[in-house]
Amino acid sequence: SRHDETLCWEPKNGSGGWLTKYYGGTTALTTLAMISAGQSITSPSIRTSLHFLETIESPSTYVLATRTSIWTMMPHRYKKNLKNDTKRLIDTMGLRAGSWGNYEHPPSTRNSASPLNREFGMIALREAERIGERIPKKCWIALANATLLTQQKNGGWSYQQGSTSGKSTANMTVAALNCLLGVDEMQGDKLAKKDAAWIHHSIEQAIFWLNKHATTSKNVGGTTLMSYLYGLERAAMSCGLAEINNRNWFQDGAKAVIET
């Protein structure tokens with residue numbers, strides 16, 4: 001794969017998608033994928049990329065969240081990075097909207113919030129708490145409320161943040177499903193029975209929708225293929241799903257990445 005000593009995996013000419021629109025996006029997601037696949041963190045390309053990511057002082061939420069997920073996989077010497085970025089995610093979250101803005105200013109209302117910022121932020125907070133970082137319960141409750149209250153009657157979610165607005169898409173439904181799975185993992189045993197039951201029912205509805213409508217080789221519903229497959233992988237693995245909509249999501253996704 002192409003790796004530049006200065007740009008790392010950043011494209012020389014941006015395409016306007018979120019990976020290239022936000023500085024460090026391509027490098028963050030590629031670095032996370034490479035480390036997850038077993039690439040040594042001492043290899044020249046990974047070492048250069050980690051340093052590159054460390055130097056981004058004002059990352060977008062996408063980059064901040066993905067960078068936080070990377071720190072959770074790193075040795076103890078990166079602990080300070082993890083603590084700083086986790087705190088930054090907590091501090092920049094809009095509790096009323098249950099999400100993040102594109103940068104440090106949170107959305108003021110649920111209707112103005114991005115479901116994808118919510119998904120990436122949740123994944124990062126979950127990874128951080130899994131290895132011992134403390135995430136306030138109010139963050140998980142805000143994520144749950146925002147997600148549950150925007151689910152449509154058919155079980156899916158749309159980019160427009162309302163239960164009756166917009167058309168349900170696979171990308172948005174995967175994003176919402178990941179949020180509910182994260183809340184259930186981190187807070188499920190601490191919730192009132194009726195609240196836990198609501199989350200579980202919502203998860204079941206989401207999986208039902210995906211098994212009827214989701215594609216596993218292309219993204220329908222905004223942003224890029226890579227961000228969709230990133231979320232799809234995490235949702236499918238959390239649920240133990242080998243297939244989605246009668247398709248092997250891993251094989252289809254891997255083929256789509258190679259062809260891209």
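Remember, it's a predicted structure, so these values are computed and weren't measured experimentally. Side chains included, hydrogens not; waters and symmetry mates left out as well; all remaining heavy atoms used.
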[X], [atom1]: over 12 other non-hydrogen atoms inside 6.0 angstrom:
X	atom1	answer
Lys80	NZ	no
Lys79	NZ	yes
His200	NE2	yes
Tyr78	OH	yes
Glu54	CD	yes
Arg247	CZ	no

Stepwise side-chain hydrogen bond (donor to acceptor under 3.5 Å, both in side chains) check, Thr109 with Ser112: CA-CA 5 Å; Thr109 64; Ser112 62; 3.1 Å; yes
For residues [X] and [Y], determine if any side-chain heavy atom of one lies less than 4.5 Å from a side-chain heavy atom of the other.
X	Y	result
Thr30	Ser49	no
Leu89	Thr68	yes
Ile135	Arg126	no
Pro59	Arg88	yes
Gln251	Thr216	no
Met237	Trp249	yes
Leu125	Phe120	no
Ser99	Met93	no

Candidate pair Glu129 and Arg134, rule salt bridge (Lys or Arg N to Asp or Glu O under 4.0 Å), full reasoning: CA-CA 6 Å; Glu129 185 158 301; Arg134 182 184 175 278; over 6 Å; no
To the nearest 0.5 Å, how far apart are [atom1] in [X] and [atom2] in [Y]?
X	Y	atom1	atom2	answer
Asp85	Glu133	CG	CD	10.5 Å
Cys179	Ile203	SG	CD1	11.0 Å
Thr86	Asp91	OG1	CG	10.5 Å
Thr92	Glu104	OG1	CD	8.5 Å
Ile141	Leu95	CD1	CG	11.0 Å
Met34	Leu29	CE	CG	12.0 Å

Where [X] and [Y] come nearest, the two heavy atoms and their spacing:
X	Y	value
Leu143	Trp100	CD2-CZ3, 4.1 Å
Ile70	Ala28	CD1-O, 3.4 Å
Gly24	Ile56	CA-CD1, 3.8 Å
Leu229	Gly253	CD1-O, 3.7 Å
Pro115	Ala175	O-CB, 4.0 Å
Ile199	Leu180	CG2-O, 4.0 Å

Shared hydrophobic cluster for Leu181 and Phe208 (ILVMFWY, side-chain gaps under 4.5 Å):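 Result: no, two separate clusters.
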Do the side chain of [X] and the main chain of [Y] share a donor and acceptor less than 3.5 angstrom apart?
X	Y	value
Arg67	Leu53	yes
Asn245	Ala214	yes
Ser202	Trp198	no
Ser43	Ser40	yes
Arg130	Thr72	no
Arg234	Tyr230	yes
Asn178	Ala235	yes
Arg47	Thr42	yes
Thr61	Gly101	yes
Thr55	Phe52	yes

Partner of Trp157 under side-chain hydrogen bond (donor to acceptor under 3.5 Å, both in side chains), chosen from Thr147, Asn171, Thr173, Thr150: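 Looking at Thr147, Asn171, Thr173, Thr150, the match for Trp157 under the side-chain hydrogen bond (donor to acceptor under 3.5 Å, both in side chains) is Thr150.
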Option among Gln151, Lys153, Gln152 that satisfies the side-chain hydrogen bond (donor to acceptor under 3.5 Å, both in side chains) test with Ser168: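 In the set Gln151, Lys153, Gln152, the residue that makes a side-chain hydrogen bond (donor to acceptor under 3.5 Å, both in side chains) with Ser168 is Gln152.
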Ser114 vs Tyr159, side chain to side chain contact (heavy atoms under 4.5 Å, CB included): CA-CA, chis, key distance, verdict: CA-CA 7 Å; Ser114 165; Tyr159 190 82; 3.9 Å; yes
Derivation and outcome, side chain to side chain contact (heavy atoms under 4.5 Å, CB included), residues Asn154 and His213: CA-CA 11 Å; Asn154 62 10; His213 304 287; 5.7 Å; no
Working for side chain to side chain contact (heavy atoms under 4.5 Å, CB included), residues Ser158 and Thr169: CA-CA 6 Å; Ser158 71; Thr169 66; 5.8 Å; no
Candidate pair Ile35 and Met74, rule side chain to side chain contact (heavy atoms under 4.5 Å, CB included), full reasoning: CA-CA 9 Å; Ile35 295 174; Met74 303 301 291; 4.0 Å; yes
Close aromatic pair by centroid cut-off 6.0 Å: Tyr62 and Tyr103: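 Ring centroids of Tyr62 and Tyr103 are no less than 6.0 Å from each other.
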